[in-house]
Novice: 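One structure, pasted below without further comment.
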Amino acid sequence: MSVLDSAPEQKDDSFKEDSSPVQAAVLGLGHGARFGGSLEDADSSANADMGDESLAGRHSHGRRSVPGSDRKTRHRGRRPRAGGFGCGSAPAAPRADADDADACREAALTLLDAAARSSGALARRLVDKGFDTNVVDQVIDRLTKLGLLDDRAYAQDLLRSCLHRTMGERGVLLEMTRKGLDPGLAAQVVAQASREGLFVDSAYELGRKVARKTAGLDLKVRKRRFWSAGSRKGHSPGLLNQVAADLFVSDDPLD
């Protein structure tokens with residue numbers, strides 16, 4: 001027997017001591033598991049570490065999103081346009097010549113060259129452009145005295161335009177108010193037109209148009225369409241009844 005064969009077999013314990021941290025790392029065990037922590041705690045901590053690493057990897061390397069999700073996110077953070085649906089009028093940007101009457105007058109003349117306007121509508125536009133309200137009032141008064149602004153003439157022109165579109169008394173009054181005319185002046189012009197029978201003529205003209213377009217349809221359908229059109233244009237119910245009784249008496253129009 002040789003000396004090598006007779007030597008007692010010795011176990012290498014250094015491998016055990018060195019392998020415990022490696023095993024702990026492989027199993028996902030933290031310091032708490034090796035020094036008295038439970039396996040449940042170790043599993044939860046390992047899952048948390050894996051979740052953090054996966055999130056970090058996704059953010060660092062980027063993850064392909066569902067088609068359309070980025071577009072929705074961009075639209076959600078976008079502000080509505082000034083003057084668009086869902087927001088009020090954009091605040092006027094401060095301007096250096098806000099108190100300059102000459103600049104305000106030039107802006108007013110430019111607006112009047114583009115389209116006829118009432119004094120109220122013109123004043124609103126000038127204020128929206130950033131001019132001081134006191135300066136705007138002075139410019140409006142000056143233009144009115146010079147005859148460049150005439151609300152009554154504008155109201156008459158607007159009345160003729162509305163009658164050409166076969167609008168009724170209520171519809172014309174609302175249109176004048178929307179265009180910035182003084183409510184008192186608008187009421188006077190509409191009342192005068194009503195006394196002259198202009199809205200009666202407008203209602204009959206509308207009735208003849210509807211009668212021609214609905215020729216051959218059922219009488220009830222024709223009347224219903226006339227009533228719908230007359231109501232949208234602001235005619236009174238009594239006047240609509242009168243026109244319907246005169247024009248829609250048979251299935252053939254204008255019998």
Side-chain angles (χ1 to χ4, degrees), residues 72 75 80-90 111-125 127-128 140 144 148-255:
K72 292 180 180 179
H75 285 298
R81 295 180 180 178
F85 178 76
C87 65
S89 59
L111 291 172
L112 290 176
D113 287 340
R117 306 172 192 271
S118 65
S119 59
L122 181 60
R124 285 199 301 266
R125 288 297 304 273
V127 171
D128 291 341
I140 294 296
T144 301
L148 299 178
L149 272 179
D150 191 341
D151 281 355
R152 184 169 292 275
Y154 178 80
Q156 293 293 338
D157 293 340
L158 184 58
L159 173 64
R160 285 190 290 269
S161 175
C162 292
L163 292 175
H164 181 71
R165 292 180 284 165
T166 63
M167 295 180 64
E169 181 176 349
R170 177 172 52 86
V172 173
L173 186 61
L174 291 175
E175 182 71 5
M176 288 186 175
T177 304
R178 188 179 70 86
K179 291 290 188 178
L181 285 170
D182 179 73
L185 176 60
Q188 293 177 9
V189 174
V190 170
Q192 179 64 29
S194 180
R195 288 191 295 267
E196 295 175 0
L198 299 180
F199 296 118
V200 175
D201 296 339
S202 176
Y204 272 93
E205 179 63 23
L206 176 63
R208 286 188 286 268
K209 288 182 178 180
V210 175
R212 287 191 295 267
K213 291 181 179 180
T214 59
L217 298 180
D218 183 74
L219 182 60
K220 292 182 179 180
V221 175
R222 298 173 66 204
K223 287 184 176 181
R224 183 169 63 248
R225 292 189 179 180
F226 168 69
W227 263 91
S228 178
S231 299
R232 289 195 305 269
K233 290 179 177 292
H235 289 283
S236 64
L239 183 56
L240 293 178
N241 278 331
Q242 176 184 337
V243 175
D246 292 341
L247 299 181
F248 298 91
V249 294
S250 65
D251 293 338
D252 294 329
L254 306 180
D255 275 355

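This one's a predicted model, so the numbers in the text were calculated from it and none came from an experiment.
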Novice: Could you please spell out the steps behind the side-chain contact (heavy atoms from CB on, under 4.5 Å) verdict for Q192 and L198?
Specialist: CA-CA 9 Å; Q192 179 64 29; L198 299 180; over 6 Å; no

Novice: Just verifying a value: how many Å separate D151 CG and L158 CG, rounded to the nearest 0.5 Å?
Specialist: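 The distance works out to 11.0 Å.
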
Novice: With rounding to the nearest 0.5 Å, note down the distance linking CG in L181 to OG in S118.
Specialist: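 With rounding to 0.5 Å, CG (L181) is 5.0 Å from OG (S118).
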
Novice: Ignoring hydrogens, what is the shortest heavy-atom contact between G230 and L206? Give both atom names and the distance.
Specialist: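 That would be CA-CD2, 3.6 Å.
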
Novice: H235 side chain to T166 main-chain N or O, any donor-acceptor pair under 3.5 Å?
Specialist: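 Yes, the answer is positive, given that a donor and an acceptor are paired below the 3.5 Å cut-off.
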
Novice: Donor-acceptor pair, S202 side chain versus M167 backbone, under 3.5 Å?
Specialist: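 A pair under 3.5 Å: yes.
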
Novice: Show every salt bridge (charged side-chain N to carboxylate O under 4.0 Å, His left out) that has at least one partner inside residues 177-192, sequence neighbours left out.
Specialist: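 Applying salt bridge (charged side-chain N to carboxylate O under 4.0 Å, His left out) to every pair that reaches into residues 177-192, excluding sequence neighbours, yields E175-R178.
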
Novice: For the residue pair W227 and A244, what are the closest heavy atoms and their distance?
Specialist: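 The pair with the smallest heavy-atom distance is NE1-CB, 4.4 Å.
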
Novice: Please say whether more than 12 non-hydrogen atoms of neighbouring residues, nucleotides or ligands are located less than 6.0 Å from CZ in R124.
Specialist: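 Atom CZ in R124 is packed in, count exceeds 12.
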
Novice: Nearest 0.5 angstrom please: L247 CG to R208 CZ, how far?
Specialist: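 With rounding to 0.5 Å, CG (L247) is 7.0 Å from CZ (R208).
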
Novice: Please give me the minimum heavy-atom distance between F199 and V190, naming the atom from each residue.
Specialist: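 F199 and V190 have their closest heavy atoms at CE1-O, 3.5 Å.
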
Novice: Mind listing the closest non-hydrogen atom pair of H164 and K209 along with its distance?
Specialist: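 Nearest pair, atom of H164 first, then K209: O-NZ, 4.5 Å.
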
Novice: If you compare all heavy atoms of L240 against all heavy atoms of F226, which two are closest, and at what distance to 0.1 Å?
Specialist: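 For L240 versus F226, the nearest heavy atoms are O-CE2, 3.4 Å.
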
Novice: Between E169 and L239, is there a side-chain heavy-atom distance shorter than 4.5 Å?
Specialist: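 Side chain of L239 against side chain of E169, heavy atoms only: no contact under 4.5 Å found.
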
Novice: Apply the test side-chain contact (heavy atoms from CB on, under 4.5 Å) to residues R224 and S228: give CA-CA distance (whole Å), side-chain angles for both, the deciding distance (0.1 Å), then the verdict.
Specialist: CA-CA 6 Å; R224 183 169 63 248; S228 178; 5.7 Å; no

Novice: Among all residues two or more places apart in sequence or in another chain, which pass the side-chain contact (heavy atoms from CB on, under 4.5 Å) test with L112?
Specialist: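 If we apply the side-chain contact (heavy atoms from CB on, under 4.5 Å) test to L112, skipping adjacent residues, the hits are R117, L122, L143, L149.
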
Novice: Quick one: which residue pairs count as a salt bridge (charged side-chain N to carboxylate O under 4.0 Å, His left out) with a foot in residues 184-204, not counting sequence neighbours?
Specialist: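 Found none.
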
Novice: Identify the heavy atoms of V249 and D246 that sit nearest to each other, and give their distance.
Specialist: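 Closest pair (atom of V249, atom of D246, distance): CG1-O, 4.2 Å.
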
